[in-house]
Amino acid sequence: MSEEQPEQYLAQHIETKWQKIWGDTGIDIANEDAADTRPTYYCLEMFPYPSGNLHMGHVRNYCLGDAVARYKRMQGFNVLHPIGWDAFGLPAENAAIKHGKPPAEWTYANIGQMRVQLKRLGLSYDWSREMATCQPEYYRWEQWMFTKLMEKGLAYRKEAEVNWCDPCHTVLANEQVEDGVCWRCETPVKRKNLAQWFIKITDYAEELLEDLNHLSGWPDKVVGMQRNWIGKSSGAEVSFKVEGSDETLDVFTTRPDTLMGVTYMAVAAAHPLAVKAATTQAQEGNDELSVFLEVCGKISTKEADVETMEKKGMALGIHAIHPVSGEAVPVWVANFVLMSYGTGAVMSVPAHDERDYAFAKKYALKIKQVIQPKSGEWDIAEAAFSEAGVLINSAEFDGLASGKAKKTITHWLKVNGKGEERVQYRLRDWLVSRQRYWGAPIPVVHCVDCGTVAVPDDQLPVVLPEHLQPTGGSSPLAECEAFVNTTCPSCGKDAKRETDTFDTFMESSWYMNRYTSTHCDTAMLDGKAMQKWAAVDQYIGGVEHAVLHLLYARFYHKLMRDVGLFDADAEDANNVGRNKVGSEPFKNLLTQGMVLLDGTKMSKSKGNTIDPADIIQKYGADTARLFTLFAAPPERDLEWKDEGVEGASRFLARVWRLLDKVDKTYQGTANAKATKTLKRTIHTHIQRVTHAFEHGFAFNVAIAAMMELSNALSAFDACDDEGKAVFAEGMAALVTMLSPLVPHFACECGEKLGFKTVAVMTAWPEVDEAALVQDEINLVVQIQGKKRGEIVVSPDVSQNDAFKAVQADENINKWLENMQVVKVILVKGRLLNIVVKPT
RNA sequence: GCCGGGAUGGCGGAACUGGUAGACGCAAGGGACUUAAAAUCCCUCGAAAUUACUUUCGUGCGGGUUCGACUCCCGCUCCCGGUACCA
């Protein structure tokens with residue numbers, strides 16, 4: 001053997017080795033020691049549902065989070081990076097029915113399997129805080145919280161028309177109905193009247209809306225979606241008298257300025273006035289109206305139907321009295337008026353609302369124009385005028401501009417007791433009860449004498465029996481007598497437990513805060529721990545939770561604050577000026593894109609998946625991590641490419657081979673200039689990589705910069721001591737900066753390079769400003785803004801000297817022949833632009 | 001309809017507060033090494049013109065501001081995501 005064979009990069013071997021070392025040394029554990037005065041940083045990824053298998057979406061999510069957590073550790077933060085399991089939910093019950101095993105068994109087995117898969121990726125989680133939401137130690141506090149909310153009147157049981165999904169055999173919250181179908185099984189939901197438990201999120205509508213303005217670390221998209229969902233509109237409630245009756249017909253309008261243009265009223269099919277009119281007419285032998293109402297009631301709320309649905313209506317045969325003019329206007333029932341929004345009735349102003357206009361045209365109802373454009377004419381026979389303008393035909397309000405008229409008319413209504421200013425939200429109270437078994441029991445007892453009674457603190461948790469076997473249909477909990485039969489906490493007599501369980505979004509609404517105090521068994525949260533770690537500095541997950549989980553968690557955080565579990569304004573000594581708990585749970589949000597294969601989302605049902613386990617098996621976890629971080633910016637969709645994975649793998653192998661170059665003698669000659677250039681390249685690249693990490697976690701850009709640095713090191717070939725030292729410095733910087741992304745690889749390289757600390761705990765490299773200074777630069781020369789050449793000058797050359805250098809340069813100077821120089825602009829360190837005109 | 005985001009080579013994507021457009025990677029083509037293959041290394045790679053030096057055009061479209069525009073302003077087109085008979 002004449003030459004030593006370079007050692008091969010063996011990912012599997014290295015990865016097992018380092019995972020063991022990290023585990024043994026506990027470097028990923030968030031330090032609770034008061035003597036640790038580092039500022040804290042809380043990095044969290046949306047915790048997984050334990051379906052049994054890690055998919056590429058998970059891999060991407062957790063690799064992004066891990067890169068953030070590791071980077072922050074290297075920046076000197078005491079990092080909290082926890083993981084756990086969103087363990088309750090319907091899939092476990094479905095699997096239980098299929099396999100004939102209780103959901104608990106299936107769930108715990110899956111957790112075991114997925115834990116191994118996560119560990120195999122080398123993610124730097126603080127496993128000491130691992131928790132599963134199906135554990136009584138966890139949901140106990142959710143139950144406790146619920147009883148507090150009952151005390152405060154924020155949780156209540158009410159019979160209401162709710163969304164029901166047949167296959168899931170349960171009710172759903174509004175947020176879980178998408179386009180009229182169940183968010184999970186895509187079956188059209190039905191409307192049913194049932195007594196259900198709600199939490200008053202509507203009490204927090206204004207704060208939830210207002211605080212969106214301060215979430216500057218959230219994507220505009222998500223903020224917009226939530227704003228839209230809360231759906232605030234301001235206007236007035238107007239009270240019309242029903243002719244020949246003491247009843248009133250109340251409506252909400254955002255356009256009180258058009259009040260004088262009301263020519264009819266429209267109510268929903270389920271509105272009491274419509275129902276009453278139908279009954280009256282039926283008694284008189286006319287059931288036309290009853291039939292119409294019935295048809296309206298059956299109509300699906302699916303969007304496709306809504307768009308094509310013809311606007312239909314029928315006159316109720318009754319009239320309402322206009323509050324200002326006293327005129328009687330007909331009341332109609334219309335299929336486009338929703339009982340569930342506002343008062344279930346609208347005042348119709350066909351002249352100034354397109355929908356009312358179409359309806360009026362169809363049924364030959366009166367159209368009265370009361371607004372005209374500020375300038376120009378409007379032919380109301382042609383179309384509705386739905387913009388703001390100036391009032392006409394409005395008696396005493398004539399001449400007012402729309403904006404002013406809204407206030408004036410609303411004021412008039414208030415003074416005359418016929419209405420008032422009103423704010424309307426689209427948001428509805430959160431329906432939290434589910435007719436399912438695999439969930440946290442609602443801590444309530446039904447007593448014949450005392451009614452619904454909250455289970456007191458000392459009897460919590462109400463433990464879910466884990467051995468039951470669902471068979472489909474209704475919850476086995478209701479048939480479990482040992483669970484159902486109990487005594488009333490209030491009077492001691494026999495009573496029955498509530499057998500509904502909580503929506504699983506209840507558990508995921510507060511887990512981020514519980515991680516600060518995972519093992520606290522005396523309270524839901526430890527206020528001091530919250531102060532130290534909360535709120536989450538960086539949250540990472542999919543955008544599909546924009547109005548579900550992310551809205552509920554914001555709400556729940558405020559509830560926890562108001563129950564007194566933490567002080568939103570208190571500052572931790574280590575975090576003064578940067579990290580109060582605050583009223584929002586997530587300071588910064590990154591919504592990562594999907595993982596695609598051939599342009600469509602990877603999914604089991606479509607059969608276009610790549611199993612992360614196969615990739616890890618073939619290339620190692622580091623290659624998988626590097627590829628997912630490099631192939632696309634975090635928030636954009638990522639197209640999976642096998643060739644790209646190969647590329648990532650090749651890059652690691654190249655860096656690996658470069659290690660051999662350190663301390664070896666090469667045949668290149670000592671070259672002080674090349675050494676200086678390399679030193680500068682190292683430090684400009686430290687600067688660029690750091691910049692990419694700091695601005696939107698642009699890991700793709702950071703990796704590109706590291707590849708450039710690697711290329712520069714590869715091309716370097718100097719044999720003197722100075723050159724070798726700079727080369728070694730470059731290798732150390734490269735390996736250090738790689739460690740948040742490919743931690744096993746970096747640790748192994750670090751060990752070979754003789755790092756004093758393990759690479760993942762090495763301080764992030766600092767930019768040496770002195771190394772950035774250049775003796776001379778290539779200054780770009782432009783004529784009329786077009787590049788015509790470059791000159792070599794001192795970086796702080798004066799404009800005059802630069803211009804003289806240009807005149808001395810033949811190639812550039814030819815562009816100045818027969819030209820008169822009008823203006824010269826020097827951009828320091830970049831370019832010289834010469835503006836000329838022909839002489 | 002409304003809200004948000006896009007449009008840059010064959011592809012994924014770079015370009016800091018306006019200052020050399022196409023970094024980095026992938027794919028493709030050519031070459032070196034090898035009996036051969038793999039691996040590795042080197043070269044080319046927006047379009048057109050030109051023997052060459054080079055030149056002209058070029059960041060969805062049309063205008064504008066500027067010495068200079070992927071970047072700023074005005075007006076469009078198309079694509080993606082969300083959402084709605086919301087009164």
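Just so it is clear: chains get the letters A, B, ... in the order the sequence lines come, proteins before strands, and each one is counted from 1.
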Checklist entry - When you measure from the side chain of Thr253(A), which nucleotide among C85(B), C67(B), A87(B) comes out closest? => result A87(B)
Next on the checklist: OP1 or OP2 of A87(B) versus the side-chain N and O atoms of Arg426(A): is any pair under 4.0 Å?
Outcome noted: no
Next on the checklist: Just N and O in the side chain of Arg636(A): are any of them under 4.0 Å from OP1 or OP2 of G5(B)?
Outcome noted: no
Checklist entry - For atom C1', what is the distance between A15(B) and A69(B), given to the nearest Å? => result 13 Å
Checklist entry - Does the ring centre of Tyr363(A) sit less than 6.0 Å away from the ring centre of Tyr264(A)? => result no
Checklist entry - Is Glu421(A) salt-bridged to Lys407(A), cutoff N-O under 4.0 Å? => result no
Next on the checklist: From NE2 of His685(A) over to C1' of A15(B), roughly how many Å is that when rounded to an integer?
Outcome noted: 14 Å
Item to check | Contact under 4.0 Å: Asn700(A) side-chain N or O vs A14(B) OP1/OP2 | outcome: yes
Checklist entry - On a whole-Å scale, what distance lies between the C1' atoms belonging to C79(B) and G25(B)? => result 26 Å
Checklist entry - Using the P atom in both, what is the distance from U71(B) to C61(B), to the nearest Å? => result 11 Å
Next on the checklist: When the P atoms of C67(B) and A28(B) are compared, how many Å lie between them, rounded to an integer?
Outcome noted: 48 Å
Next on the checklist: Would you measure the distance from the C1' atom in C53(B) across to the matching atom in U40(B) and give it in whole Å?
Outcome noted: 36 Å
Next on the checklist: Taking 4.0 Å as the cut-off, does a side-chain nitrogen or oxygen of Lys221(A) come that near to OP1 or OP2 on G5(B)?
Outcome noted: no
Nucleotide N/O of nucleotides 54-56 of chain B paired with protein N/O under 3.5 Å:
| unit_1 | atom_1 | unit_2 | atom_2 | d |
| --- | --- | --- | --- | --- |
| U56(B) | OP1 | Arg788(A) | NH2 | 3.2 |
| U56(B) | OP2 | Arg788(A) | NH1 | 3.2 |

Checklist outcome for this item: Assert: residue with more 5' nearest nucleotide on RNA chain B, out of Thr343(A) and Ala631(A), is Ala631(A)
Next on the checklist: Could you check whether any side-chain heavy atom of Val331(A) comes within less than 4.5 Å of a side-chain heavy atom of Phe240(A), counting everything from C-beta outward?
Outcome noted: no
Checklist outcome for this item: Across all chains, not counting sequence neighbours, the side-chain hydrogen bond (donor to acceptor under 3.5 Å, both in side chains) partners of Ser649(A) are none
Checklist entry - Hey, do the aromatic rings of Tyr619(A) and Phe627(A) have their centres closer than 6.0 Å? => result no
Item to check | Same-atom distance (P) from A14(B) to C74(B), integer angstrom | outcome: 25 Å
Item to check | Distance, rounded to the nearest Å, where Gln784(A) contributes CD and U20(B) contributes C1' | outcome: 17 Å
Checklist entry - Roughly how many Å is it from CD in Glu387(A) to P in C2(B), rounded to a whole number? => result 11 Å
Item to check | Per Asn335(A) side chain, nearest of listed nucleotides C85(B), U83(B), G19(B) | outcome: C85(B)
Checklist entry - For the residue pair Phe630(A) and Phe651(A), is the inter-centroid distance of their aromatic rings smaller than 6.0 Å? => result no
Item to check | Any strand: nucleotide that pairs with C2(B) via Watson-Crick or wobble, under 3.5 Å | outcome: G82(B)
Item to check | Interatomic distance, Met706(A) CE vs G13(B) C1' [rounded to whole Å] | outcome: 16 Å
Checklist entry - Asp250(A) has an atom CG; how far is it from atom C1' of A87(B), in whole Å? => result 14 Å
Checklist entry - Given side chains that start at C-beta, do those of Trp640(A) and Leu596(A) come closer than 4.5 Å, heavy atoms only? => result no
Checklist entry - So, Thr600(A) and Asn608(A): side-chain donor and acceptor under 3.5 Å apart, yes or no? => result yes
Checklist entry - What nucleic acid atoms does Gln424(A) come within less than 4.0 Å of, heavy atoms only: base, sugar-phosphate, or nothing? => result nothing
Next on the checklist: If I take atom CG in residue Asn228(A) and atom P in nucleotide G82(B), what distance separates them, rounded to the nearest angstrom?
Outcome noted: 13 Å
Next on the checklist: Using side-chain heavy atoms (C-beta onward) and a distance below 4.5 Å, is Leu626(A) in contact with Asp622(A)?
Outcome noted: no
Restricting both atoms to N or O, compile the protein contacts to nucleotides 24-31 of chain B shorter than 3.5 Å, with distance only.
| unit_1 | atom_1 | unit_2 | atom_2 | d |
| --- | --- | --- | --- | --- |
| G25(B) | OP1 | Asn711(A) | ND2 | 3.3 |
| C26(B) | OP1 | Arg650(A) | NE | 3.2 |
| C26(B) | OP1 | Arg650(A) | NH2 | 2.7 |

Checklist entry - When the nearest nucleotide of RNA chain B is assigned to Arg355(A) and to Ala653(A) on a heavy-atom basis, which residue is associated with the more 5' position? => result Ala653(A)
Checklist entry - Do Asp220(A) and Trp218(A) have a side chain donor and acceptor closer than 3.5 Å? => result no
Item to check | Assigned glycosidic conformation for G18(B) [threshold 90° from 0] | outcome: anti
Checklist entry - Under 4.0 Å between a Lys/Arg side-chain N and an Asp/Glu carboxylate O for Glu206(A) and Lys232(A)? => result yes
Item to check | Spacing of Gln782(A) atom CD relative to A21(B) atom P, expressed in whole Å | outcome: 7 Å
Checklist entry - Looking at G19(B), C41(B), U83(B), which one has an atom nearest to any side-chain atom of Arg657(A)? => result C41(B)
Checklist entry - Starting at CG of Leu652(A) and ending at C1' of A39(B), how long is that distance when rounded to a whole Å? => result 16 Å
Checklist entry - Hey, does Asp220(A) reach any base, or is it just sugar-phosphate, or nothing, if we go heavy atoms under 4.0 Å? => result sugar-phosphate
Checklist entry - Looking only at atom P, what distance separates G18(B) and C73(B), rounded to whole Å? => result 11 Å
Item to check | Sugar-phosphate only, base, or nothing, as touched by Val780(A) at under 4.0 Å among non-hydrogen atoms | outcome: base
Item to check | Touch class at under 4.0 angstrom, heavy-atom based, for Ile834(A) against every strand present | outcome: nothing
Next on the checklist: Under 4.0 Å, counting only non-hydrogen atoms across every strand here, what does Pro633(A) touch: a base, just sugar-phosphate, or nothing?
Outcome noted: sugar-phosphate
Checklist entry - Is Val337(A) touching bases, backbone alone, or none of the nucleic acid, heavy atoms closer than 4.0 Å? => result base
Item to check | Rounded C1' spacing from U59(B) to A23(B) in Å | outcome: 15 Å
Item to check | Other residues, nucleotides, ligands: >12 heavy atoms within 6.0 Å of Lys362(A) NZ | outcome: yes
